[in-house]
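Here the structure comes first, spelled out in structure tokens, and everything after it is commentary.
Read the numbers this way: they start at 1 and go in the same order the structure lists the ligands and their atoms. The residues of the chain are indexed from 1 along the displayed sequence.
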Amino acid sequence: MLFSSPISLLEIFVFAFPAISQAASAASQVSFDQFLATVTAADFQRWQHTAVNSESSFSQMKAHILDMYSGVGSVSHSFVLDDRYFDCIDKEKQPSLGGRPLASPPSAESDEPPSQPGGPTEPKTSTTSPLTQNLKDSFGNFISCPDGTIPFARLTLEKITAYPTLAGFFAKSTNGAGHASSSRGLEELQDRGPSAEPHLYAFSYQQVTNYGGHSFLNLWDPVGDFSLSQQWYVGGSGSNIQTVEGGWIVYPQHFSKRPVLFIFWTPDDYSTGCYNLECKGFVQINNNWTLGAPFTQFSVAGGTQRGFDLQWKLFQNNWWLYLRNTNASYDTIGYYPTSLYNGGQLTKNAEVIEYGGEVTRFTTTDVWPQMGSGMFPSKGYSQAAYQNTIYYNPNNQSGGVGVWASLFKDVIGSNACWDINITESAQGGGWGTYFFFGGPGGKTC
Ligand SMILES: *[C@@H]1O[C@H](CO)[C@@H](O)[C@H](O)[C@H]1NC(C)=O
Ligand SMILES: *[C@@H]1O[C@H](CO)[C@@H](O)[C@H](O)[C@H]1NC(C)=O
Ligand SMILES: *[C@@H]1O[C@H](CO)[C@@H](O)[C@H](O)[C@H]1NC(C)=O
Ligand SMILES: *[C@@H]1O[C@H](CO)[C@@H](O)[C@H](O)[C@H]1NC(C)=O
């Protein structure tokens, strides 16, 4: 059983188990210690009405949560954003580190964009991270984390039992559908389990040796089960496909009805890997940004266009993530150690860059989501969604200068639902290489 939104799930728990509800809309705040005590005491009887498919799956979910939190120590500050709890945990004790020391970021920042003959550029306004806006939640807690800690989206049984298994919770999709490729046709994408619908795309790609890359992602809040705009850095082939990914996603069952910042990785063509900090993988060092937290400011049709710069860079055995508000300097968010990739291609470099939109739906009766802003690329600036200043990083040195991407387009699904229109850097003016993408989705895609 799949819930179409976290609200329905929360409502069911509030109704059925008021005493153990973790819903943030409950009258009193659930402290980190109370939360952990509840998980420790949880038994299958109380959770069998969720989507979880068996007692052993439930045990794995519970064990995962307790394992993730086993070394984090005490938590002195928590806050609620969009009905979800976030705990500020000691940076040095985060689950992904497992006691190892933090890596030092490259001395120079992320790579600079290639030089580009000027030309007028449309204005772009950043979307500010909710953590740097001086906001308070409904309990009066500041929506921010003190220095030395990182914001960690509380990993609850409510969240994980919305899926039949722990692996289902981690997965971006089943059967390797989390990234599109020109060699992976629609037939292959549809060849999957009985309930899973295919992932469909309007995207762009280039085969080139790279150490990450950059784009500015224009931010919208489309409606649907699962709709995103992102970057992929991909290496390997077959069951050894490995990725580093990031962007924004609307995915109510997992995160929020509003777009959230996300990252994802897989070392084995989507058999394992996970989003954000939901399994041991990404090491976060920055307290300005929250993975999995909804943005509060979006683009407006015909009005202000918002978004953020995102960059991945492989440097000294770590894939570093950078984010930036317009006109600010980059924040270094953290890294995936290449040890996660088991000696595979992404321990050396990526072989393909991809940028674009991806959607799926969870039942055959749901409509296909909007992609981007819900408008076709032909509507252009301030109506259609875009990514611009798209370049890849050609070396693994600190600093450095990117190379404009030279992209091919691919649309998987019906052109009546979404499309992508790429402009190469030679014609791109101050935007460099860019594209508009998206569309309304619909019943038949
Ligand atoms: C960014 O800088 C440009 C040029 O200095 C300015 O016009 C624009 O308003 C700034 N944008 C923001 C969001 O501060
Ligand atoms: C860059 O890549 C080369 C070749 O794979 C490797 O020998 C070198 O150690 C890497 N340098 C850094 C800074 O990661
Ligand atoms: C957070 O953002 C502020 C304001 O932009 C900046 O001064 C500070 O260095 C950032 N902190 C980190 C850890 O990046
Ligand atoms: C694609 O984008 C270019 C540049 O913005 C524009 O001139 C062209 O009309 C667009 N084509 C379509 C089919 O939307």
Q) Under 4.0 Å from any heavy atom of Asn286, which atoms of ligand 3 are there? A) 12 (C), 13 (C), 14 (O)
Q: State whether any protein heavy atom lies less than 4.0 Å from atom 1 (C) of ligand 3.
A: yes
Q: Please verify whether a non-hydrogen atom of Tyr381 lies at under 4.0 Å from ligand 4.
A: no
Q: Apply the side-chain hydrogen bond (donor to acceptor under 3.5 Å, both in side chains) test between Lys172 and each candidate in His254, Glu358, His199; give the one that qualifies.
A: Glu358
Q. Can you check whether a protein heavy atom sits less than 4.0 angstrom from atom 11 (N) of ligand 3?
A. yes
Q. Is there a nitrogen or oxygen of Asn288 sitting under 3.5 Å from a nitrogen or oxygen of ligand 3?
A. yes
Q. Can an N or O of Gln316 be found at a distance shorter than 3.5 Å from an N or O of ligand 2?
A. yes
Q) For ligand 4, which atoms have a heavy atom of Thr423 less than 4.0 angstrom away? A) 4 (C)
Q.
If we ignore hydrogens and angles and just use 3.5 Å, is the side chain of Gln284 paired with the main-chain N or O of Lys91 as donor and acceptor?
A. no
Q) Can you find a side-chain donor-acceptor pair between His214 and Tyr330 that sits under 3.5 Å? A) yes
Q) Roughly how far, to the nearest 0.5 Å, is CG of Asn396 from OH of Tyr211? A) 5.0 Å
Q: Select one of side chain, backbone, both or neither to describe which atoms of Tyr386 lie under 4.0 Å from any atom of ligand 4, heavy atoms only.
A: neither
Q) Between OG1 of Thr243 and CG of Leu346, what distance do you get to the nearest 0.5 Å? A) 7.0 Å
(Q) Please check this pair: side chain of Asn393 against backbone of Trp312, looking for a donor-acceptor N/O pair closer than 3.5 Å. (A) yes
**Q.** N or O contact, Asn396 vs ligand 2, cut-off under 3.5 Å
**A.** yes
Q. Between Tyr434, Trp404, Trp431, which is the residue that forms a side-chain contact (heavy atoms from CB on, under 4.5 Å) with Ser425?
A. Trp404
Q: Give the numbers and elements of all ligand 3 atoms closer than 4.0 Å to a heavy atom of Asn287.
A: 13 (C)
Q) Nearest protein heavy-atom contact for atom 3 (C) of ligand 4: which residue, which atom, what distance? A) Asn421 ND2, 3.7 Å
Q. Short check: is a protein heavy atom less than 4.0 Å from atom 7 (O) of ligand 4?
A. no
Q. Is the ring centre of Phe203 less than 6.0 Å from the ring centre of Tyr205?
A. yes
